Peer 1: 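Here it is: the structure, laid out below.
Residue numbering restarts at 1 for every chain, and letters A, B, ... go by the order of the sequence lines. Computed from heavy atoms alone, side chains included, the values below leave out hydrogens, waters and symmetry copies. Every value quoted in this text rests on a predicted model; they were computed, and no experiment measured them.
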2 protein chains.
Amino acid sequence: MSFTTSEENYIKGIFHLQQETGLVNTNSLAAEMQTRPASVTDMLKKLKSKKLLQYEKYKGFKLNEAGKKAALDVVRKHRLWEFFLVEKLKFDWDKVHPIAEELEHISSEELVQRLDNFLGNPSFDPHGDPIPDKNGKIPVIKQQSLSEIPFKKNVTVSSVGNQTAQMLDMLKHYNIAIGTQLTILKKFEFDGSLEIKVSKQNACIISEQVAKNVFVHDV
Amino acid sequence: MSFTTSEENYIKGIFHLQQETGLVNTNSLAAEMQTRPASVTDMLKKLKSKKLLQYEKYKGFKLNEAGKKAALDVVRKHRLWEFFLVEKLKFDWDKVHPIAEELEHISSEELVQRLDNFLGNPSFDPHGDPIPDKNGKIPVIKQQSLSEIPFKKNVTVSSVGNQTAQMLDMLKHYNIAIGTQLTILKKFEFDGSLEIKVSKQNACIISEQVAKNVFVHDV
DNA sequence: AATAAAATTTAGACAAAACTAAAAATATTA
DNA sequence: TAATATTTTTAGTTTTGTCTAAATTTTATT
């Protein structure tokens with residue numbers, strides 16, 4: 001089964017929302033896709049006819065197994081291309097998303113498989129998000145928010161919660177990226193901010209809000 | 001100025017035809033694009049309104065300077081991606097065309113420039129066709145058909161005239177690719193076929209028709 | 001429970017890119 | 001040159017994906 005770019009984008013959008021909420025509703029998908037509720041209804045009928053959705057009028061909807069597999073295929077392509085752009089073409093990690101949004105719709109299966117091998121079958125993209133394998137299996141690592149880590153423990157940054165341009169820009173200033181090693185030196189009770197050591201640089205202070213959105217795992 | 005995938009494909013098709021015939025006509029472009037003459041007329045109006053064409057009803061058409069630059073941009077992207085697919089992802093050179101047809105429409109200029117650098121700024125793609133630089137400048141080498149080369153002279157394959165799947169399949173059997181070194185051992189007057197030595201392999205015989213479509217340059 | 005508000009769907013329209021069939025312009029040839 | 005054939009364009013339709021406005025269904029509030 002193959003899909004249009006528009007279908008793939010909707011599938012991805014539904015997948016994203018249903019991971020948080022289970023059932024998805026029309027308005028929230030319209031917001032996610034930056035489109036109108038009526039357009040969402042149109043596409044839902046199409047995806048239902050392709051047997052990718054459980055959907056009943058007015059009752060909400062979610063992807064079935066076929067739909068989830070289709071979503072994971074797109075996510076896989078997106079994240080592999082992001083990895084390529086950062087690791088091979090040396091893009092800044094906060095610049096690659098819109099380009100990967102285009103590349104993810106290239107259809108060749110063999111291309112994806114060869115790209116995966118060329119990149120060394122990576123498990124995580126440059127934002128720390130897991131890359132599904134060709135069967136849709138997602139690698140897991142146990143990770144905690146930086147705000148829950150005890151003092152002096154060495155940890156590695158594994159992903160970022162709030163992947164806005166603003167957040168990524170901020171982390172770039174702190175020299176924090178996926179794979180960066182951190183240690184917490186002190187917590188300021190006043191506002192919850194943390195003094196941390198980033199790799200081998202001087203110590204610096206990050207807000208509690210930032211700390212909550214930085215996820216880490218053991219070294 | 002940016003273009004839709006469809007516009008880019010038409011621009012490329014016109015560019016291809018006008019290199020041989022100067023002025024292009026509606027029917028031949030329809031054949032090239034595997035579409036209907038009426039669809040060609042529709043698109044010509046659009047491209048004319050975007051000031052990419054000289055076009056008068058019933059009189060034929062050709063790209064102006066802006067149109068040619070647009071065509072060269074697409075050709076550049078196509079050939080850089082083909083190079084990537086063969087050199088980095090290890091695709092057979094006769095399998096990459098349809099994938100590059102998709103990749104050539106990815107819009108990021110920075111992507112193309114970084115890809116070019118990543119690949120080492122190659123001058124020729126895996127079929128031996130020249131890769132325009134970012135200003136649209138095309139590298140040239142003087143090349144001759146294999147059928148015009150004297151005996152015993154060492155030459156390198158630089159491109160292939162008839163890039164059909166059938167031809168590329170045939171050359172693969174002979175172990176001939178771009179960059180392969182050849183020497184002509186004997187010409188059979190009976191049908192014009194040639195006995196040649198391919199790299200360090202045993203001698204073999206190719207038809208006159210094949211020889212005419214294999215272009216070579218000095219070692 | 002009745003009514004108001006919100007969410008969702010339907011109906012109808014539009015734009016892009018294609019198509020078919022018919023008309024118009026150009027080219028060929030008898 | 002008149003008749004015929006070919007090429008090209010126009011006119012009108014189709015498909016995909018979108019939209020607005022209106023109607024319908026569900027949910028929330030007195």
Peer 1: What nucleic acid atoms does A/Ser6 come within less than 4.0 Å of, heavy atoms only: base, sugar-phosphate, or nothing?
Peer 2: sugar-phosphate
Peer 1: So if I take every side-chain heavy atom of A/Thr41 and compare against C/dT9, D/dT18, C/dC19, which nucleotide ends up nearest?
Peer 2: C/dT9
Peer 1: Can you check the B/Glu56 CD to C/dT26 C1' distance for me, whole Å?
Peer 2: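 Rounding to the nearest Å, CD of B/Glu56 and C1' of C/dT26 are 14 Å apart.
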Peer 1: What integer distance in Å separates A/Asp42:CG from D/dT18:P?
Peer 2: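 Spelled out: CG on A/Asp42 to P on D/dT18 is 9 Å.
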Peer 1: Distance check needed: D/dT7 C1' versus B/Lys57 NZ, whole Å only.
Peer 2: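 Nearest whole value for this atom pair: 14 Å.
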Peer 1: Give the intermediate values and the outcome of side chain to side chain contact (heavy atoms under 4.5 Å, CB included) for residues A/Leu103 and B/Leu103.
Peer 2: CA-CA 8 Å; A/Leu103 287 164; B/Leu103 287 164; 3.7 Å; yes
Peer 1: Does a salt bridge link B/Glu110 with B/Arg114, judged by any charged N lying under 4.0 Å from a carboxylate O?
Peer 2: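 Salt bridge present between B/Glu110 and B/Arg114.
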Peer 1: Using the side chain to side chain donor-acceptor pair (under 3.5 Å) rule, pick out the option among B/Glu101, B/His78, B/Glu32, B/Glu7 that qualifies with B/Lys12.
Peer 2: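 The residue from B/Glu101, B/His78, B/Glu32, B/Glu7 that satisfies side chain to side chain donor-acceptor pair (under 3.5 Å) with B/Lys12 turns out to be B/Glu101.
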Peer 1: Measure the acute angle between the ring planes of B/Trp81 and A/Trp81, then classify it against the limits of 30° and 60° as parallel, tilted or perpendicular.
Peer 2: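 Geometry flag for A/Trp81 against B/Trp81: perpendicular rings.
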Peer 1: Expected output is a numbered-order residue list: members of residues 20-30 of chain A with a heavy atom under 4.0 Å from any atom of DNA chain C. What is it?
Peer 2: A/Asn25, A/Thr26, A/Asn27
Peer 1: Look at all strands and tell whether B/Tyr10 reaches a base, only sugar-phosphate, or nothing, counting heavy atoms closer than 4.0 Å.
Peer 2: sugar-phosphate
Peer 1: Kindly say if A/Lys59 contacts the phosphate of C/dT8, meaning a side-chain N or O under 4.0 Å from OP1 or OP2.
Peer 2: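 False: A/Lys59 side-chain N/O out of range (4.0 Å or more) of C/dT8 OP1/OP2.
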Peer 1: Does B/Tyr55 reach a base, just sugar-phosphate, or nothing at all? Heavy atoms under 4.0 Å.
Peer 2: sugar-phosphate
Peer 1: In whole angstrom, give the distance that lies between atom CG of B/Leu44 and atom C1' of C/dA18.
Peer 2: 14 Å
Peer 1: Parallel, tilted or perpendicular: which fits the ring planes of B/Tyr55 and B/Phe61, with parallel below 30° and perpendicular above 60°?
Peer 2: perpendicular
Peer 1: Mind telling me whether A/Phe118 and A/Phe84 have parallel, tilted or perpendicular rings, with 30° and 60° as the class edges?
Peer 2: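 Taking A/Phe118 first and then A/Phe84, their aromatic rings sit tilted (interplane angle of 30° to 60°).
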Peer 1: In terms of side-chain geometry, is the basic nitrogen of B/Glu82 or B/Arg79 positioned less than 4.0 Å from the acidic oxygen of its partner?
Peer 2: no
Peer 1: Write down the distance between CE (B/Met43) and C1' (C/dA16), rounded to a whole number of angstrom.
Peer 2: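 Rounding to the nearest Å, CE of B/Met43 and C1' of C/dA16 are 9 Å apart.
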Peer 1: Pull out every residue in residues 31-38 of chain B that has a heavy atom closer than 4.0 Å to any atom of DNA chain D, ordered by number, or say none.
Peer 2: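 Of all residues in residues 31-38 of chain B, the ones placing a heavy atom under 4.0 Å from DNA chain D are B/Pro37, B/Ala38.
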Peer 1: Do B/Ser147 and B/Glu208 have a side chain donor and acceptor closer than 3.5 Å?
Peer 2: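 No donor-acceptor contact under 3.5 Å links the two side chains.
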Peer 1: Rounded to whole angstroms, how far apart are CG on B/Asn9 and C1' on C/dA16?
Peer 2: 15 Å
Peer 1: Picking from B/Phe215, B/Trp93, B/Phe83, what satisfies ring pair (Phe, Tyr, Trp, His ring centres under 6.0 Å) with B/His127?
Peer 2: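 Of the listed residues B/Phe215, B/Trp93, B/Phe83, the ring pair (Phe, Tyr, Trp, His ring centres under 6.0 Å) partner of B/His127 is B/Trp93.
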Peer 1: Strictly below 4.0 Å: does A/Lys45 bring a side-chain N or O up to OP1 or OP2 of C/dT10?
Peer 2: yes
